[in-house]
Visitor: 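Structure incoming, see below.
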Amino acid sequence: DGHGPIKVAGIYTVPVEQQWVSRIHIAAEAAAARGDIEYEFTENVANTDYPRVMREYAESGVDMIVGEIFGVEREAREVAGEYPDTAFLMGSSFKEDMGPANLAVFDNYIQDAAYLSGIIAGSMTETGNIGMVGGFPIPEVNRLMHAFMAGVREMREDATFQVSFIGSWFDPPKAKETAFAMIENGADIMYAERFGVSDAAQERGVLAIGNVIDTQADYPETVVASAIWHFEPTMDAAIAAVKAGEFTAADYGRYSFMDRGGSSLAPLGTFEGKVPQEALDLVAEREAAIKAGEFSVEINDSEPTSGS
Amino acid sequence: MSELFDILLSASFWAAAIRIASPLIFAAMGELICERAGVLNLGIEGIMVVGAFAGWMAVYSGMGLWPGVAVALASGMAFGLLHATLTVPFGLSQHVVGLGITLLATSATYYAYRIALPQVNTPPKIDAFDPYAIPGLSDLPLVGEALFTQTPLTYAAFVTAALVAFVLFRTPLGLAIRACGENPAAVAAQGLPVTGLRMGAVIVGSGLMAVGGAFLTMSAFDSFFFEMVNGRGWICIALVVFGAWRPGKTLLGAVLFAAFDALQIRLQQTELGAVLPYQAFLAAPYILSILALVVMSRRAQVPAALMVPFRKGER
Amino acid sequence: MTEGFGETVLRLADITVRFGPVTANEGVSLELRRGEVVALLGENGAGKTTLMNVLFGLYAADEGSVELFGQSLPPGNPRAALEAGVGMVHQHFTLAENLTVLDNIALGTRSLWSPVSGTRALRARVRALAEEYGLRVDPDATVANLTVGQRQRVEILKALVRDARILILDEPTAVLTPQESLDLFATLRRAVANGLSILFISHKLHEVEAVSDRVVVLRHGRVVAEAATAQTSRAEMARLMVGADIAAPAPRPARPGPVRVALRDVTTPARGTATGLRGVSMELRAGQVTGLVGVSGNGQTALAGLIAGLERPERGTLEIDGKTPAVWTPRTAVRAGIGRIPEDRHGEGTVGDFDLTENAMMELYSRWPFSRAGWIDRTSARAWAQKIIKRYDVRCPGPEAPIRLLSGGNMQKLILGRVMETAPDVILANQPVRGLDIGALTYVHEQLLAARDRGAAILLISEDLDEVIALSDVIHVLSEGRLSPGFERGTMTPTELGAWMTGAGFEDAA
Amino acid sequence: MRLEPIPAPSLARRAGFPALALGLTALIAMGLAALAGAAPGEVAWLVVKGAAGSKFALLETLNRATPLIFTGLAVAVAFRAKLWNIGAEAQLYLGAVATVVLGTGLLDWPAATLLPVLAVAAMAAGALALLVPTFLKTRFGVDEVVTTLLLNFVALLFVSYLLEGPLKDPMGLGWPKSEPVIDAARLPRIAEGLRLHWGFGLALIAAVLVWILQTRTIWGFEIRAVGLNLKAARFAGMPVNAVLVRTAILSGGLAALAGFSEVAGAKGNLTTDLSPGFGYTGIIVAMLALLHPLGVVVAAIFVAGIFVGADSMSRAAGVPSFIADITLASALLAMILALGLTSLRIRR
Ligand SMILES: Nc1ncnc2c1ncn2[C@@H]1O[C@H](COP(=O)(O)OP(=O)(O)OP(=O)(O)O)[C@@H](O)[C@H]1O
Ligand SMILES: Nc1ncnc2c1ncn2[C@@H]1O[C@H](COP(=O)(O)OP(=O)(O)OP(=O)(O)O)[C@@H](O)[C@H]1O
Ligand SMILES: [Mg+2]
Ligand SMILES: [Mg+2]
């Protein structure tokens, strides 16, 4: 298209290993590898420092800033307002109409895939007792848990769920202990929102469902299915908009939906042939319906609780 | 109520408590040694991070597990040397040095991680310590599963506590260390090297803290994550006070604290879990620790020269 | 002058020690022979402790050398001194209070790398030595629970266990009761008979006379005199120390006035190892010194605390000028015009890191002119401190110097000054001359008598019977919390008081 | 060989050692940058530029220093009385909670009355948070290092509960944060368009007031006496427990002002990551300042400047951003060593 690479800066409040952020980071690196962008990033930025870092990058002349402003919505919009020539593509709880014209929002709307992973889980559980360990009950986590639970119920109406939040993004030993407790309490499938949960499942010989990233390679006997977030469609759409000079306030959240390729169910891999056909059929049917726009999974951002 | 008893009577609950306690035991013993010698070591949180990284990295790059533990120990001792140099001969503020070392050790670890593993992915896994059922003992009812089917590093934690108790209370070296924490002038008057003793205690203590960190990446889990130490070091500071600076009571405190933690995880799935917010459960071990301190409070046990720098021949 | 003793065991040659601008020792030379007891005399701050610290290796001398048993001692190395057979009992005890007696003695007796503590053998040895030298103390007691006299014994045991052949005692009797001092001297005699040599520092000249073979006098860091004890006298020693003649204050008749403080059947609770008061009644009259004696631990602390405002009667009443105060705290005691000289000048009397000005106004800061409406007036405070420094001859770098740098005697003078300058109606003088040299001691006594003469009621608590007998118009004895009747000046001999102190008098009276 | 204190260090020592410390810090930062493959040459300059090279940079430094001044003062005041308050973090959060509870519309007053009321309410909340450990200390002899430390965790979980429960912003779309405070509850910006707000001015005023209190009033005299020798203070007639309580109120209140200032000045609302450890950094700030209230201002600006500058340098030089914390930690340790060496010399 005659354009050289645009300059993109990522600003993340956690290290880039964190699942959610890692998807953005990997998409950006892929775009950089293709030569579409020049990419640099700053990680582990406290929210107190976030507006300053935004401003520094904007001052340095980057074309687009990608990041997450859940904790600094108001200040971030102020900064964006001062740099109308810079595109801001930000993970945010709000919608595009609340901010300046150059700030677009996105989030991990992968409830479709989470729902499908729930169907598989529902078909694999024997006890009907499912354990779920999360970091914090924020919308990005809650909506996937709800979608997953809805999927499970498609196969097991009587399923019960154990839900716990460990109050930390990075404490695999704690997540593991929490998972152990749930397994002792009868869970035979673990929903692995955090690192450490699949490890507990593996050690105790129960199954796990992955989330956001695919970790089956690490737990071949344990992780049955995963709902994967692909940030590439979001990133690529934003890059194209910037290059075309058409970047405006918009909700890029749609690009995370399954029909846009923003999420998918990971290949069954080692569990090929081990999942009941009945479930696979339902998954195929619903996936087609979702992609055709005939079926939508409810987006429920409220905190899930234990129970049925 | 009956649910509570069911939990408390299950071997797996106590096994979890012992697992959770293990890193705390190592690190709390390290802190105890430092404080017995008269040095408050607030570097503990950062030193645990270093140990968690160093041990794991060593194994990841091809070393055996026990050599990895040794690397963790050495990394902690290196930071201990820095802490000791600044606080003992120079007598600088133990608060600043400790918090500064926590900041330094943490950030240096993360920096090293980024340079060592620049490609972003899930951190690689190592073959961590596996549980080892001690023949005979592990067949005992309840305690067999709780105590004797743990990883070797957990056994090492208990052995360490026993060793620390033995050295501190049964050997001349331990006596000298304790005396340094009570009245360094008395130690100097016997011709013993207060500076050397205090530095040695801080270095060895820091090494143990690092092993506590390594437990997280080499036994409790099998890879390294930023921030995974998650405040455990600060808990150990509290455990030492709770244990009245005695290894046995400190160990007991660690197990109790861990038991509260294991209990809150389980109680979240009971009816209580539906009523109380999850934060109440997470806060319970801290609040119970404070209450336990109120019940136990015996101030007289504080090493009299804790945080008091010593320079020979100063009035 | 040293004939009759064995070979020279210790030779200090031309020792000079400087602390910044202060020269604590200047060209000091000294010899000690086997079986000899040498007393080191000198004013507060003359450099005695410094010299002993050099000998023991705690300080390194700037110039000069130390030779032990013919071998020169490496400087600044207490280990070497210990191994050469020097034992030191420090002026301020070097004991770890939260450890046991045995632990304190064991410290440093074995290689640090020894895998066993060897306490069993040591306990036996301590028992044996304690028996031999009459140093009774429970090896398993925690030092914090011991009386000063018992701590003293632990310190000596520490030296004996190491087979010390030279024993340094820095003011060993400053905090001992007369009986404890006598026990100590008996011990020392046994040690000397066994071939020990002793260097001994004391301000109490009668002890020096009784115990030492030879005296060495330091003034301003230099040796100014040396003499066989037999060939000198107390007056001579005092003159050599101070450089001028010292005369004890002449006794003058008291003119007792009204009762200022009265205790009516007061009982106080016991605190730790310290006995409380048991039904004590007592009156402090204006213009009169009331002396209080007793074996340490018999309620002196409780009585002093009561007058100082730290303690309240559990039963009975305390009356100040005929009225029972509703609130009784240190603050109300100060307000009621009670001047207090505390027993422990480091712990209670002063704040070491405060300067002299701040220490001088410790009790008065909330009053005019030291503060107005909550604001401190440093200028008034400094002027006040300067006045005390001048009047009471407090030797110090100035009112802005931290008080911890002062010698004990000078610290005591500042406390005395801040009490006396408010012209209190009642003065509590608790061990007012502990550790002071003869010059300072005489000065303090004169000041107390002057206060009496202008009408103050004085309570003098001391373990030094001679001091109490010399100064008091009325003497009471405390024993197990009970108070004897008041004995008028001149009616009691030390022996009779001693009987009351052991409790005998109470039995006879009952 | 041993170290001995110098009574009155020369100006050369007092300026020279800190300069050496900064030099050492620069060397460490350069070495680390080189390790990450960046050219070390400009590193030191980039730090200075990032901290104070422009009006924006300078104001950002002062902005980040603002909460540190408050928490530094809080710690300095408490440590003077040997009240080991490690809980400034908890007090900060409780101050913020009070600000949010009253400032989001409950009190609909004009700024001139609302702001002082919010500040006082915040101080009361922070004071309360420290009074609990102080009471446990004076009443039961419980070590306050541990209680204040543990209460940090409890306070943060409490805030987390509030933000997911009663204080949750209904407009926040599920993210745990409070409603924004009303406009009248916002501290105005000092310069339009930049982040620095009048919380900084308030911090300076607080520092001067604390300094006056400590050096010129009988309360300050009592606090220092109690800290240096509690027995002597009691003997002299000082109301020791009352002094500790007063100190706790002052210290907790100052820390809480950091929370007030961050909410009313910087953020406008409360989240669980309001403070990236300002309470703990306050301890460092206080000790670097040798507990001097005016020194706290300097130390806070120093700490903030090093961090902001080194963080900016990490982007300019293209090295992992963790270098900012390493640089800060090195600077702290080097500086505390330099301050120590200023008044010490080696003898033989
Ligand atoms: N560590 C030190 N630092 C600075 N000055 C010191 C030190 N030790 C002693 N001095 C000073 O050296 C001088 C001699 O002190 P020293 O303690 O030797 O006196 P002393 O004769 O033992 O007095 P006292 O009878 O009061 O015990 C005093 O002026 C004292 O202030
Ligand atoms: N500098 C000191 N170092 C150690 N102990 C001291 C010191 N000064 C005083 N003491 C002692 O602490 C002990 C505690 O009090 P104890 O019950 O033994 O006696 P008491 O009732 O206080 O009577 P008194 O004070 O007259 O001896 C006393 O023996 C007291 O003399
Ligand atoms: Mg002396
Ligand atoms: Mg006493």
Side-chain angles (χ1 to χ4, degrees), chain B residues 40 42 46 82 85-86 89-115 118 226 231 234-235 237-242 277-283 285-287 289-290 293-300 302 307 311-314, chain D residues 2-5 32 35-37 75 79 84 86 132-133 136-137 139-143 145-147 149-154 156-162 164-165 277 280-281 283-284 286-288 290 319-333 335-337 339-341 344:
Chain B
L40 175 71
L42 292 180
L82 178 61
T85 308
L86 294 175
F90 290 110
L92 302 175
S93 153
Q94 295 177 8
H95 287 102
V96 178
V97 172
L99 291 172
I101 286 207
T102 282
L103 188 64
L104 179 70
T106 307
S107 51
T109 300
Y110 295 173
Y111 196 76
Y113 180 99
R114 264 290 164 273
I115 289 176
F226 294 149
W234 307 132
I235 298 302
I237 302 224
L239 289 177
V240 172
V241 178
F242 175 88
Y278 75 95
Q279 291 94 345
F281 292 99
L282 294 180
Y286 304 113
I287 294 172
S289 297
I290 293 175
L293 273 175
V294 174
V295 175
M296 310 233 324
S297 65
R298 258 162 308 149
R299 226 183 143 68
V302 188
M307 293 199 281
R311 267 188 227 113
K312 217 159 99 178
E314 196 155 291
Chain D
R2 69 169 208 260
L3 294 159
E4 68 174 28
L32 287 169
L35 213 65
V75 173
F79 278 25
W84 304 112
I86 315 291
V132 172
L136 294 181
K137 174 192 169 91
R139 179 74 182 73
F140 299 105
V142 181
D143 185 40
V145 173
V146 174
T147 45
L149 182 66
L150 291 180
L151 282 177
N152 287 339
F153 299 100
V154 177
L156 201 59
L157 285 164
F158 176 62
V159 169
S160 163
Y161 158 73
L162 290 177
E164 283 169 21
Y280 300 99
T281 314
I283 299 171
I284 295 178
M287 296 304 298
L288 272 185
L290 308 175
V319 296
S321 47
F322 301 111
I323 200 173
D325 278 339
I326 307 186
T327 310
L328 177 58
S330 312
L332 294 174
L333 294 176
M335 192 54 85
I336 194 84
L337 179 62
L339 292 179
L341 287 180
L344 282 180

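In what follows, every chain begins at residue 1, and chains take the letters A, B, ... in the order their sequences are listed.
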Visitor: Are any non-hydrogen side-chain atoms of D:L332 and B:L99 less than 4.5 angstrom apart?
Guide: no

Visitor: Side chain from CB out, backbone as N, CA, C, O: work out which of these in D:L149 comes under 4.5 Å of a heavy atom of chain B, or both, or neither.
Guide: side chain

Visitor: Please round to the nearest 0.5 Å and tell me the distance separating atom CD1 of D:I86 and atom CH2 of B:W234.
Guide: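 These two atoms lie 9.0 Å from each other.
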
Visitor: Do you know the tightest heavy-atom contact between B:S107 and D:D325?
Guide: CB-CB, 3.3 Å

Visitor: Find the distance between OG1 (B:T85) and CG (D:L333) and round it off to the nearest 0.5 Å.
Guide: 11.0 Å

Visitor: Look at D:S321, D:A36, D:A324, D:G340 and state which one has the largest set of heavy-atom pairs under 4.5 Å with chain B.
Guide: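 Highest number of heavy-atom pairs under 4.5 Å: D:A36.
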
Visitor: Is B:L82 close to chain D through its backbone or its side chain, or both, or neither, when contacts mean heavy atoms under 4.5 Å?
Guide: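 Contact with chain D is through the side chain of B:L82 alone.
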
Visitor: Quick one: which of B:A280, B:S289, B:P89, B:P277 has the most heavy-atom pairs under 4.5 Å with chain D, could you say?
Guide: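 Most pairs with chain D among the choices: B:P277.
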
Visitor: Do you know which of D:I283, D:V154, D:L337, D:L288 has the most heavy-atom pairs with chain B at a distance under 4.5 angstrom?
Guide: D:L337

Visitor: Please report the interatomic distance CD1(B:I287) to CG(D:L150), rounded to the nearest 0.5 Å.
Guide: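 Reported to 0.5 Å precision, the distance equals 10.0 Å.
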
Visitor: Got a second to check how far B:F281's CZ is from D:L157's CG, nearest 0.5 Å?
Guide: 12.5 Å

Visitor: Using non-hydrogen atoms and a 4.5 Å limit, figure out which bit of D:L290 sits close to chain B: side chain, backbone, both or neither.
Guide: neither

Visitor: Need one label for B:L282: side chain, backbone, both or neither, based on atoms under 4.5 Å from any heavy atom in chain D.
Guide: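 When you check distances to chain D, atoms from both the backbone and side chain of B:L282 fall under 4.5 Å.
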
Visitor: Output the distance between atom CZ (B:F90) and atom CG (D:L344), rounded to the nearest 0.5 Å.
Guide: 8.0 Å

Visitor: Which pair of non-hydrogen atoms, one from D:I326 and one from B:A108, has the smallest distance, and what is that distance?
Guide: CD1-CA, 3.5 Å

Visitor: Which region of D:L341, side chain (C-beta onward) or backbone (N, CA, C, O), has a non-hydrogen atom less than 4.5 Å from a non-hydrogen atom of chain B, or is it both or neither?
Guide: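 Side chain only.
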
Visitor: Give, as side chain, backbone, both or neither, the part of D:F158 having an atom under 4.5 angstrom from any heavy atom of chain B.
Guide: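 Interface part for D:F158: neither.
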
Visitor: If you look at every heavy atom in B:G100 and D:I284, which pair is closest and at what distance?
Guide: N-CD1, 4.3 Å

Visitor: Considering all heavy atoms of both residues, which atom of B:S93 and which atom of D:I336 are nearest to each other, and what is their separation?
Guide: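 Minimum heavy-atom contact is CB-CD1, 4.5 Å.
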
Visitor: So D:F322 and B:Y110, would you call those rings parallel, tilted or perpendicular, with 30° and 60° as cut-offs?
Guide: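 If you compare the ring of D:F322 with that of B:Y110, the planes turn out perpendicular.
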
Visitor: Considering all heavy atoms of both residues, which atom of D:V142 and which atom of B:V294 are nearest to each other, and what is their separation?
Guide: CG2-CA, 3.7 Å

Visitor: Does D:Y280 reach the side chain of B:L103, with side-chain heavy atoms less than 4.5 Å apart?
Guide: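 No - every pair of side-chain heavy atoms lies 4.5 Å or more apart.
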
Visitor: Is it the backbone or the side chain of B:Y113 that comes under 4.5 Å from a heavy atom of chain D, or both, or neither?
Guide: neither

Visitor: Would you check if D:V145 and B:V241 make a side-chain contact, meaning some heavy-atom pair closer than 4.5 Å?
Guide: no

Visitor: What closest approach, in Å, do B:I237 and D:V146 show between heavy atoms, and which atom pair accounts for it?
Guide: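 Closest approach of B:I237 to D:V146, heavy atoms only: O-CG2, 4.3 Å.
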
Visitor: Count the heavy-atom pairs under 4.5 Å between each of D:P133, D:S160, D:A331 and chain B, then report the option with the highest count.
Guide: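 Maximum pair count with chain B is reached by D:S160.
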
Visitor: Distance check, rounded to the nearest 0.5 Å: B:I290 atom CD1 versus D:F153 atom CZ?
Guide: 10.5 Å

